[in-house]
Amino acid sequence: MLDILHQDDALIAVNKPAGLPVHRSAMVNDAEQYLVDVLREQVGGNVYLAHRLDRATSGVLLVARSSEVAAALGEQFMGRDVRKQYLVVVRGWPEPGEGMVDYPLPGSRETGPRRDARTRYRTLATTEVPIALGRYPQQRYALLLAEPETGRFRQIRKHLAHIHHPVIGDCQHGRGDHNRLYKQHFGCHRMLLHAWRLDFRHPASGEAMTLEAPLDGEYGALLERFGWALPGNTPDNTLPRSS
């Protein structure tokens, strides 16, 4: 059963589990289950994706009950009217602690044309663990709040890798040695990227909505172990947007 965060006649919001692909595609066709199929069986009737999350990413996912609502939500995403905030654990401590990665990215094909891509981030907490790896006796990690201003393929993962602070658990753009450290020492076997909060307007009523997805047990246990707290819903914990 999927965790439903919101449901009405126009749309459904679910807390997508890490590791569950949203739908079958040319890139993902080997899964036992796909989110759209599970949701269709759970709620009954047709469902239409309004946007997507990577297979390894968890968090808020909007699904429309009609193609018209999906198109209306899609316009909000394309118009950059939807505010997306992610919680992400990375290797190292970013300097500066708050900034924007402005680096063009290709689509799903690395050889394709690059398009503008911007991701804002803020360091929420840091830790240093006494585990030797490579030439360092201790390892540094940080919890970030990341907000993509554009919606390119694997944007947050690629941008954080670009500034040498890859996402923990990212098999494509991360560091295998640190991913193994988290599995062996912390029992963490997922990518630590979570679509935490989504701000948008309801496609039928126009009402401003904020949906928040709680962390799963594995991610939550890691934050508890490091003594990290989630940010509150205050102006100080939102990132400024480009004009």
Side-chain angles (χ1 to χ4, degrees), residues 1-78 81-89 107-108 146-148 150-158 167-174 188-204 209-222:
M1 294 282 287
L2 293 168
D3 177 17
I4 294 180
L5 305 171
H6 173 87
Q7 183 174 1
D8 60 40
D9 291 340
L11 63 88
I12 302 168
V14 301
N15 187 0
K16 176 192 167 303
L20 178 66
V22 173
H23 64 105
R24 186 182 298 272
S25 68
M27 297 184 67
V28 182
N29 57 17
D30 61 344
E32 294 182 3
Q33 290 184 315
Y34 298 89
L35 184 141
V36 290
D37 298 328
V38 176
L39 184 62
R40 189 179 295 114
E41 183 173 341
Q42 184 171 333
V43 302
N46 292 328
V47 294
Y48 302 82
L49 289 171
H51 65 123
R52 288 159 178 76
L53 292 174
D54 291 345
R55 180 177 189 167
T57 304
S58 59
V60 184
L61 183 77
L62 296 182
V63 183
R65 296 311 307 259
S66 70
S67 58
E68 292 80 10
V69 170
L73 286 169
E75 287 181 3
Q76 289 191 51
F77 280 97
M78 291 293 291
D81 297 322
V82 178
R83 190 162 205 166
K84 301 169 285 185
Q85 293 186 316
Y86 290 73
L87 295 171
V88 52
V89 179
S108 57
E147 184 174 320
T150 50
R152 308 304 176 212
F153 181 68
R154 295 180 181 169
Q155 177 173 315
I156 294 175
R157 298 162 63 179
K158 290 181 176 181
V167 179
I168 297 300
D170 187 345
C171 298
Q172 282 81 29
H173 312 285
C188 185
H189 297 264
R190 57 156 296 176
M191 184 173 71
L192 295 174
L193 179 61
H194 178 72
W196 178 51
R197 187 177 283 163
L198 207 62
D199 295 285
F200 64 102
R201 292 201 170 273
H202 193 283
M209 298 187 68
T210 297
L211 297 177
E212 190 174 299
L215 296 170
D216 64 22
E218 196 169 330
Y219 204 144
L222 191 75

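Computed from a predicted model, the values in this text were never measured in an experiment.
Looking at every heavy atom in both residues, Ala10 comes nearest to Val69 through O-CG1, 3.4 Å. Closest approach of Leu211 and Phe200 over heavy atoms only: CD1-CE2, 3.7 Å. The shortest non-hydrogen separation linking Ala146 to Pro148 is O-CD, 3.9 Å. The minimum heavy-atom distance linking Leu2 with Gln42 is given by the pair N-OE1, 2.8 Å. Contact record, Ala56 with Ala18: O-CB, 3.6 Å, taken as the closest heavy-atom pair.
In this structure, the separation between CG on Asp199 and CD on Gln85 is 6.5 Å, given to the nearest 0.5 Å. Note that CG of Leu61 is 9.0 Å distant from CG of Leu198, once rounded to the nearest 0.5 Å. The line from NZ of Lys84 to CG of Leu53 is 9.0 Å long, rounded to the nearest 0.5 Å.
The closest side-chain heavy-atom distance from Ser58 to Leu215 is not below 4.5 Å. Under the 4.5 Å side-chain criterion, counting only non-hydrogen atoms from C-beta, Arg24 is not in contact with Asp37. Side chains of Asn15 and Pro214 form a contact here, defined as non-hydrogen atoms less than 4.5 Å apart. No side-chain heavy atom of Tyr86 sits less than 4.5 Å from a side-chain heavy atom of Val167.
Crowding of Glu41 atom CD: a count of heavy atoms from other residues, nucleotides or ligands under 6.0 Å not exceeding 12.
Panel note: side chain Arg65, backbone Asn46; a donor-acceptor pair is recorded below 3.5 Å. A distance-only check finds a donor-acceptor pair linking the side chain of Lys16 to the backbone of Arg55 [under 3.5 Å].
Under a 4.0 Å N-O distance rule, the pair Asp54/Arg157 qualifies as a salt bridge.
Using the six-membered ring where Trp is involved, His51 and Phe77 have ring planes that are parallel, under 30° apart on the 30 and 60° scheme.
Evaluated for a side-chain contact (heavy atoms from CB on, under 4.5 Å) with Ile168, the options Leu222, Leu192, Val88, Leu193 yield exactly one hit, Leu192.
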